[in-house]
Visitor: 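Quick one: the structure is below, questions incoming.
The sequence lines fix the lettering, A, B, ..., with proteins before strands; numbering per chain opens at 1.
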Protein chains: 2
Amino acid sequence: MKSLLVFDAAMRSKSFSLAADELCVTPGAIGQQIHKLEEWLGVTLFIRHVRQIQPTEAALSYWQKIQPALEQIADASTRLKHSRGMAVLLSMPPSFAAKWFTRRMANLLTRHPGIELHLNASSVIVDFEREAVDLAIRYFNGRDTRLDATLMFNDEVRVFCTLEYAEARLLNTPDALAGASLLVTSVQPYWTQWLSRFSRLDAGTVAGIPRIHFDQALMAIEAAKQGHGVVLASPHLTEDEVSGQALIEPFAGCLHLDNGYYIVQHNKIALSPAAMLVKQWLIEEAGEKVPDNPGSSLHRATSC
Amino acid sequence: MKSLLVFDAAMRSKSFSLAADELCVTPGAIGQQIHKLEEWLGVTLFIRHVRQIQPTEAALSYWQKIQPALEQIADASTRLKHSRGMAVLLSMPPSFAAKWFTRRMANLLTRHPGIELHLNASSVIVDFEREAVDLAIRYFNGRDTRLDATLMFNDEVRVFCTLEYAEARLLNTPDALAGASLLVTSVQPYWTQWLSRFSRLDAGTVAGIPRIHFDQALMAIEAAKQGHGVVLASPHLTEDEVSGQALIEPFAGCLHLDNGYYIVQHNKIALSPAAMLVKQWLIEEAGEKVPDNPGSSLHRATSC
DNA sequence: AGCCATGAAATAGATAATCTATATCATGAC
DNA sequence: GTCATGATATAGATTATCTATTTCATGGCT
């Protein structure tokens, strides 16, 4: 097989010496490799003149067949080596992508300009053995034996609504939620627990509060912005809204959850260097503290 | 490059042990080669489970690209090895092919049944460096520095015509040829020399004898059979006609020539084993004595 | 005519690649 | 509990590949 590369070089350069230069070996090595290939094939490939070689008809026709194949192999290898080197495939839930990642992505690309990021926003759990995904951000309890899971942050949920909605519904205490609409997401269906913890409402009253259900946090947050109710959501997903005062936290109660956002990868597939950079960056960005909302005019109970 | 063959086998069999069996090495060798390829590419190709391997997405896509290329190389190599092994390309002048070789060809194929003979009947001188020809029979003086030339037989020319023609023209002595038509071939244009040697005709009379010219001996011989004249031809080309009494030799005079029929090959391209067999057979067949014609009723002068 | 550079072949020996042998591990079948 | 299986890791043996050197024939230059 090595002799095929030698043969290719010799055909292209029409000289054992030039082929030797190209392959960084001595002309003697080239001569020996060609001789070995001729013996293996049982065919003379080059007519040797003094200081000169000339390919035979057999060599020309053989080369026509194998040269594209060798080029295909070299090309496929190069592409795999290189594209793999800088491409990173990152999967994450759509809400997390839209609300947390997108606002930080420019920072990632500034800090690591050569990285070719492929982003997959999907709620479907990644199967690393079937999909060409390097890393994923997954919202779960961190326990899966097939994966290496690195915690970005534990989750917690807080209450958000517009200032107008809070004023109109007189949301001065959690008990006032009895007269509000509750916006619920599939991912964080914890209103009952929150009210049980932070209000004095009995279970019957809690069960009677109207609810609107959403399968994506993103949409529930949008509904809250439209004044349709109060949403129980992760503060990581409402940063933009809170800092722009589109949403406020009417109460200070935050409910800590068992789940969290984890960076996950297959525990038996090595990360490429570029993927390692992205992972490190994610860890660093996750370590930034979620800020309290300094602009809120409503009183709140003791913080978490 | 070796590791690509190993990779191919591992992908096809989905097992290092089975790949080892296929390639006649130990599973350890397979494991090392795959590990080496993974390091070279910078990509994990197989997920190792206990007693099991599983190709990654990268491996599948890489294999899709290189596997046809490896197959193309193997196929081209196998074809070159095998077809070359039993195929023999033999070139010879058309007249020689039709008149000497064809009647012996069955014997060649009987003695060497596996040989795949490719016959090229052409008057054009073979250029071994441009054409995929193994051997050629060439009519020349045997001297060409680029070729190995092996003499089959020296040439000589004799006079042939039909019995009817000889009787009608009263061809009892060579002098009687003054009243005949001479059939001349490009290859053996020696009537003047023959008559000068074997007749008492003066040069003026010789020049006045009508001639018909042919560019192929084959056609001159056919014309003689049709009673159009007497042909000066190689006895090697008239064996069928003489033995079947379609032509007779009216005189015994044979003119030895410098040229001969030679088996030629390129002096720097090795013959395949099959080509060597054909060459040997040609030499043996050429060594068979050309028989005198026992059926001729005409007296002849002293033999050659 | 003589000398030198060039590009090939041949060969001995050095170096690198590849393989085997062995030990170890985890799993599944019996 | 034992054994077979199929993988990994590693040391050392074997083979492939390469370098260094010598030789050869040719062509250019002086």
Visitor: Pairs under 3.5 angstrom, nitrogen or oxygen only, protein versus nucleotides 4-8 of chain C, please.
Guide:
residue	atom	partner	partner atom	Å
C/dT6	O2	A/Arg51	NE	2.8
C/dT6	O2	A/Arg51	NH1	3.3
C/dG7	O3'	A/Arg51	O	3.3
C/dA8	OP1	A/Phe16	N	3.2
C/dA8	OP2	A/Phe16	N	3.3
C/dA8	OP2	A/Ser17	N	2.6
C/dA8	OP2	A/Ser17	OG	2.7

Visitor: Would you mind reporting whether B/Arg138 and B/Leu147 have side-chain heavy atoms less than 4.5 Å apart?
Guide: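 Answer yes - side chains close enough.
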Visitor: Is there a side-chain contact between B/Asp155 and B/Gln188 in this structure, where contact means two heavy atoms from C-beta onward sitting under 4.5 Å apart?
Guide: yes
Visitor: Nearest whole angstrom, please: distance from the P of D/dT8 to the CD of B/Gln33.
Guide: 13 Å
Visitor: Between C/dA12 atom C1' and A/Gln32 atom CD, what is the distance in whole Å?
Guide: 11 Å
Visitor: Under 4.0 Å between a Lys/Arg side-chain N and an Asp/Glu carboxylate O for B/Glu71 and B/Arg12?
Guide: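 So B/Glu71 does not pair with B/Arg12 through a salt bridge.
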Visitor: Mind calculating the distance between CD1 (B/Ile47) and P (D/dA7) to the nearest angstrom?
Guide: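 Whole-Å distance recorded here is 14 Å.
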Visitor: Any side-chain N or O of A/Lys2 below 4.0 angstrom from OP1/OP2 of D/dC18?
Guide: yes
Visitor: Carefully, step by step, assess B/Leu257 and B/Val157 under the rule side chain to side chain contact (heavy atoms under 4.5 Å, CB included).
Guide: CA-CA 8 Å; B/Leu257 300 173; B/Val157 285; 3.9 Å; yes
Visitor: Is any side-chain heavy atom of A/Met152 closer than 4.5 Å to one of A/Leu282?
Guide: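 A side-chain contact exists here, since the closest heavy-atom pair is under 4.5 Å.
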Visitor: To the nearest Å, give me how far apart CD1 (A/Ile30) and P (C/dA9) are.
Guide: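 One finds 11 Å between P of C/dA9 and CD1 of A/Ile30, rounded.
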Visitor: Rounded to the nearest Å, what distance is computed from the CZ atom of residue A/Phe46 to the C1' atom of nucleotide C/dA9?
Guide: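 Atom CZ in A/Phe46 sits about 15 Å away from atom C1' in C/dA9.
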Visitor: Send over the distance from B/Ile34 CD1 to D/dA9 P, rounded to a whole Å.
Guide: 13 Å
Visitor: Please report, rounded to the nearest Å, how far the C1' atom of D/dA16 is from the CG atom of A/Leu4.
Guide: 15 Å
Visitor: Test of understanding: with ring pair (Phe, Tyr, Trp, His ring centres under 6.0 Å), list the residues that count as partners of A/Tyr261, not counting sequence neighbours.
Guide: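 Only A/Phe96, A/Tyr139, A/Phe153 meet the ring pair (Phe, Tyr, Trp, His ring centres under 6.0 Å) criterion with A/Tyr261.
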Visitor: Could you tell me how far apart A/Glu39 (CD) and C/dA10 (P) are, to the nearest whole angstrom?
Guide: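 These atoms are roughly 10 Å apart.
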